[in-house]
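Each remark here refers to the structure printed beneath this line.
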Amino acid sequence: MLLLWSVLPLIVTLWFSLRRYNLMNPSRTGFDGLGNYRYLLSDPGLGLAVWNTVLLLGSVLVITISLGTLIAILLDQEFYGRGFARVLMLAPFFVMPTVSALLWKNMMMHPDNGFLAFLMRSVGLQPIDWFAVAPLTSIIIIVSWEWLPFAVLTLLTAIQSLDAERKEAARMDGAGPIAMFRYIVWPHLGRAVAATTMIETIFILGIFAEIYVTSSGGPGFASTNLSFLIYRYVLMEYDIGGAAVAGLLAIVLANVLAFFLLRSFARNLDT
Amino acid sequence: MITPSTSRKLLLTLLGWSVALVIAFPVIWMVLTSLKSETEAISRVPHLFTHVSLNNYVAVQEQAKYLRFAWNSVVVSFGSTLLALLLGIPAAYAMAFMPTRRTRGTLLWMLSTKMMPSVGVLVPVYLLFRDTGLLDTRTGLLLVDALGILPVVIWMLYTFFKEVPREVLEAGRMDGAGPLREVYNLLLPLSMPGIVSTSLLAVILTWNEAFWSLTLTTSRAAPLTAFIASFSSPEGLFYAKLSAASTMAIAPILVLGWASQKQLVRGLTFGAVK
């Protein structure tokens, strides 16, 4: 029953992917074989969208996990007002995606009155129009900002679960801070890093709102990912057939990644 | 008297606070902007405080009917959380206390469905909604959101239920409690903290859910995520009002999120990191 529930939409998608189906043009129906596939594969936006999806995911993962580890180590130290600093740092994670995207677009990255433009002018630089010059980079920055707190919190939780005795024993054996991190802390973090990677992958593969309210995937296809490409097909061109093919592609991509991630996750589950 | 260890602590305090402030800066800036007038908000050189007022908050409600969208958000996020709990509690109960050979596989398979980007099923869901008249209704959005968080809810409840000693439930069964009484009188009270943090996480995730809100609603059922997105059109750009609306949209979740930060990691990592 559960299986049917989850597989049915997939079969429907598969079926539509083989048909001519445009909501704006209902007279044109029928079986089209692989026509949609041929059409989609010749769409110049597709390759770029796949590449953007992968690039977005990869960059955000690298940025959040590396910065997250550093910040988690910092937060593991004793200092005044640590609890409040942690709470403050957590804020971006709870901000809804449409708010954070508009906030960055209008108040941070805007070339005239954005705060970053103000900073650049005050050190004598020419402010840059982020979304025109580097649309995908801008989106990577926004998404990294949203997910950094999650990485910090997960890694911090993991660091704090490391027993003090093991750290003490390593220190007795003369391990410096770097050796300590390399041989004691980092191996312990493996599980947290795997979990963070998996969760971020789940959410970042489907990033949509951030693109929708900022660059609308442009200029051209420069910041279009697969999610946004499919949205374009369905709700802007009403091309159900084309969207279904792209949807299948998104599922295949997700499954390839999921296969590797879930395997490592399942291994962790038993220990 | 400054010893090396206090100066180290002071240095760490400085560093820790700077990092925290940089990360939280956009949010702080937004709150500050919401208190300014529109002309100050778009000036090239940022003003700090000239005349602080709450006018923008009033204006957002009067001109844009903020509360209507907020109500949609409340109905959808609390409704879908409730529905997911109703479906998730029996499922997690069965998996935690009557595991079969396939339980582990089912759990991992549920997780794998979350791997699939929502957009992969946009076409069938959109057509289904169009044909059943669920497009732009709160019921429709509520249903989709509930299904979307169901795997997270079941996983989280499962890890909490696992910690309830089996003996207690068995003792209850000996005393003649049926499965319903067993769940209602024993399991639920014993795992209340877990259920509360599961609900909190579910409310946070559904409150912030944007994909389905943007694709399946237009005006009547639009929640806050979609309402804020409507500010992205060039003619609707009023920074101070946008900031006021955004501040109101994130404030309740920020409070809930901070309150539940301890359980958040566990919930979002499906119990892998505690």
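It should be emphasised that the depicted structure is a prediction, and the values quoted were computed from it without experimental measurement.
For Thr33(B), the part sitting under 4.5 Å from any heavy atom of chain A is the side chain, from C-beta outward, and nothing else. Contacts of Leu88(A) with chain B are made by both backbone and side-chain atoms, with heavy-atom separations under 4.5 Å. Neither the backbone nor the side chain of Leu156(A) comes within less than 4.5 Å of any heavy atom in chain B. With a 4.5 Å cut-off on non-hydrogen atoms, Leu11(B) does not touch chain A at all. Of the atoms belonging to Leu75(A), not a single heavy atom falls under 4.5 Å from chain B.
Note: Thr225(B) leads Val22(B), Thr247(B), Thr225(B) in heavy-atom pairs under 4.5 Å with chain A. Looking only at heavy-atom pairs under 4.5 Å with chain A, the residue among Ala24(B), Ala20(B), Pro26(B) that has the most is Pro26(B). Comparing Leu103(A), Val152(A), Leu90(A) by heavy-atom pairs within less than 4.5 Å of chain B, the highest count is held by Leu103(A).
Using a 30° and 60° split on the angle between ring planes, Phe93(A) and Phe150(A) fall in the parallel class, below 30°. The aromatic rings of Phe203(A) and Trp147(A) sit tilted relative to each other, their planes meeting at an angle between 30° and 60°.
A side-chain contact (heavy atoms from CB on, under 4.5 Å) with Tyr80(A) is found for exactly one of Leu14(B), Leu10(B), Leu12(B), namely Leu10(B). The side-chain contact (heavy atoms from CB on, under 4.5 Å) with Val19(B) is formed by just one residue from the set Leu74(A), Leu70(A), Leu67(A); it is Leu74(A).
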Begin with the C-alpha distance, continue with both residues' side-chain angles, and end with the deciding distance and a verdict on side-chain contact (heavy atoms from CB on, under 4.5 Å) for Leu256(B) and Val203(B). CA-CA 9 Å; Leu256(B) 281 188; Val203(B) 169; 4.0 Å; yes

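Glu210(A) and Ser100(A) share no side-chain donor-acceptor pair at under 3.5 Å.
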